[in-house]
Amino acid sequence: MTFFRNIGTENGRAKILLYGPIATSEDQCVDSAAVVSELMRIGEQYSNIDIHINSMGGDVFAGMAIYNAIKTCKADINMYVDGMAASIAGVIALCGRPLYMSKYSRLMIHQVSGSGYGSSTDLRVVADMIDSLQKDIAEMLSARLGITAEEVAARYFDGADHWISATEAMGMKIIDGIVDGDDEDMTDGQYSNEEIYTRVYNRLENKAKNEKEMAFIEELKKRAAFANMATEQEMLAHIATLENKAAKADAQERTIIEMKNKLDEQQTAAHTAYLNQAKAEGKITEEQIPTYLNLMKSDEENVKKLIDGMKAKKTITAEEYLNSAGGQDDPMLRMTFNELDKANKLGEFQAKYPQKFEQMYREEFGLNK
C-alpha cells in the first residue's frame, strides 16, 4: 500500500496517513518526497492537520526528512499512532507535536542499524555515519522523552528493541492522551506487535473498500430501477432478476435467429426447386437461376407471376421432373404422403406439384379404386 492522503474539509481539518514502510520511493512505501510536498501544500491551506501513523519504520534519511517537515510546518499538527510507530517511524511520532496513541498501539525505539561492503576503511566510514545518525536521533528524542541525549543513547541504543505501550507512554508522560480504537476487542497484550500493525493496516484498506462500495450503491440509487430500494440485499435481488431476464432474452434471441435461418433455408430450397422446374420446362436457363433466386428473396410473388406467365417450351410431368437433374434437388418429390404430412409440407407440395399431390392424395385414401 502506498502513502495515503485524505484531505477533508470537515471541521476545517486535513488528514495525512503514513501507513507502510518509510522510504524514498513510491513503490509500496510512504514516500518522503510526497509527504513533505503534501505538508508544504496543505500547510498553506489548513490551520489544523492530523497525521496518523502505522509504520514499522524504514529508511532513516527519509524519516528525518518527514520529521523536519512536520517540525517546521506552520499549521497546528496533532500526531496519532493508530497501530505501530517503530524505529524511524517512532522518531517521527515523537517530533514534539501533541501525540496521541490508540489504546492498543505501540511505540518502538532502538539504535540505528545499517550495512556496508568493502574494505575496513569503507566499513569504518559506514560505522561513523551510523554513530553520527544515532547521535542526531538521540538529540531529536531527548526533549520529548525528558532526558538528555546521552541518557537516550544509554537507555534505548543498547542493541535491543524497546517497545512502549500506550499505557506505559502515558505513564512516562511522552504522549498527550490515549484514544479508543475502532476495535474494542483489541486490548493491550492480546495481539503481537506484527498483528497490531497488520490489523490496523487492513482496517484502513477495508474502510476504503467499504467507502467505494457505498459510493457505488449511492450511484445505483440514482438509476430509476434502483431508486426505491433501501437495502443492498434488495439491489442484489433486483440485479439477479435482471440477469435472469437477460439470460432468457439472449436464449430467445438465439432461438429466433435459428428459426429465421431455418426458414431462410426452407425458402431458398423451395425457390430453388421452383426455378429448377421452370428451367426444366424451358422457361429459364441455368445461368438465369441465381438472378431469379436473388429476386425471389425480396419479391417472390411478382417473380412467380413473371415466370408463370412465360410460355413453356416443353411440358414435363412431376415424374419426369423427379428424374431430371432439377427434380433430384427437391427432397419433397422423394417423400411419401405421410412423410410430407408429418413434415407439415403438404401445403407447399400441393402448391408446387398440384397434379402429383392429387395423385398421391387419391392413392393414400383409395379414391382410385
Side-chain angles (χ1 to χ4, degrees), residues 220 222-226 236-369:
L220 277 182
K222 295 178 183 179
R223 272 59 176 178
F226 299 90
L236 290 173
H238 186 59
I239 289 172
T241 300
L242 294 176
E243 288 177 341
N244 192 54
K245 289 181 178 179
K248 287 183 179 179
D250 184 58
Q252 289 173 349
E253 183 178 357
R254 289 198 304 271
T255 301
I256 291 171
I257 291 174
E258 290 175 3
M259 292 177 64
K260 184 178 182 301
N261 290 337
K262 288 182 179 178
L263 288 173
D264 288 344
E265 290 174 1
Q266 292 174 357
Q267 185 183 53
T268 300
H271 289 170
T272 301
Y274 173 83
L275 293 173
N276 281 331
Q277 184 170 0
K279 183 194 74 172
E281 294 173 354
K283 293 182 178 181
I284 62 175
T285 64
E286 178 72 28
E287 291 75 16
Q288 291 175 312
I289 289 179
T291 301
Y292 281 110
L293 193 60
N294 287 330
L295 291 172
M296 291 185 76
K297 290 179 180 179
S298 57
D299 195 358
E300 177 183 355
E301 182 179 356
N302 286 324
V303 172
K304 281 189 173 182
K305 285 182 179 179
L306 174 64
I307 294 177
D308 290 343
M310 293 179 181
K311 185 176 180 181
K313 294 182 180 179
K314 60 178 179 178
T315 304
I316 185 171
T317 65
E319 287 76 8
E320 289 174 335
Y321 179 65
L322 178 60
N323 295 326
S324 70
Q328 292 172 5
D329 291 334
D330 190 346
M332 287 195 300
L333 289 170
R334 293 189 292 274
M335 297 171 67
T336 66
F337 188 90
N338 285 333
E339 288 172 341
L340 289 168
D341 187 21
K342 291 179 180 179
N344 290 323
K345 291 181 176 293
L346 284 175
E348 180 183 349
F349 188 83
Q350 183 182 22
K352 292 176 63 176
Y353 312 114
Q355 294 180 352
K356 182 66 175 176
F357 174 83
E358 181 69 19
Q359 177 186 344
M360 293 175 67
Y361 178 82
R362 299 180 69 84
E363 289 176 354
E364 178 68 21
F365 293 101
L367 300 177
N368 289 331
K369 295 181 181 180

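Treat the numbers as computed from the prediction; the structure is a model and nothing was measured. Side-chain atoms are counted along with the backbone in the values below, which use heavy atoms only and exclude waters and symmetry mates.
Annotation: side chain of Met310 is in contact with side chain of Ile284 (closest heavy-atom distance under 4.5 Å). Counting heavy atoms from C-beta outward, Gln266 and Leu263 have side chains that approach closer than 4.5 Å. Side-chain contact between Leu275 and Gln288 is absent, with no heavy atoms from C-beta onward closer than 4.5 Å. You'll find the side chain of Tyr274 reaches within 4.5 Å of the side chain of Asp308, heavy atoms only. Put simply, the side chain of Thr272 does not reach to within 4.5 Å of the side chain of Ile289, judged on heavy atoms. Considering only heavy atoms from C-beta on, Leu346 comes within 4.5 Å of Phe337 through its side chain. Annotation: side chain of Gln252 is not in contact with side chain of Thr255 (no heavy-atom distance under 4.5 Å).
Residues satisfying the ring pair (Phe, Tyr, Trp, His ring centres under 6.0 Å) test with Phe349, not counting sequence neighbours, are Tyr353. Residues satisfying the salt bridge (Lys or Arg N to Asp or Glu O under 4.0 Å) test with Glu358, not counting sequence neighbours, are Arg362. In this structure Glu300 satisfies the salt bridge (Lys or Arg N to Asp or Glu O under 4.0 Å) test together with Lys304, sequence neighbours excluded.
Between atom NZ of residue Lys260 and atom CD of residue Glu265 there is a gap of 11.0 Å, rounded to the nearest 0.5 Å. Once rounded to the nearest 0.5 Å, the distance linking NZ of Lys356 with CD of Gln350 reads 14.5 Å.
For the residue pair Glu363 and Gln359, a side-chain donor N or O sits within less than 3.5 Å of a side-chain acceptor on the partner. Side chains of Asn302 and Asp299: a donor-acceptor N/O pair is present below 3.5 angstrom, by distance only.
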Notebook entry, point to check: Should Lys297 and Asn294 be marked as a side-chain contact (heavy atoms from CB on, under 4.5 Å) after you check the CA-CA gap, both sets of side-chain angles, and the distance that decides it?
Noted result: CA-CA 5 Å; Lys297 290 179 180 179; Asn294 287 330; 4.0 Å; yes
Next item on the list: Apply side-chain contact (heavy atoms from CB on, under 4.5 Å) to Glu364 and Asp341, showing your working.
Entry: CA-CA 11 Å; Glu364 178 68 21; Asp341 187 21; over 6 Å; no
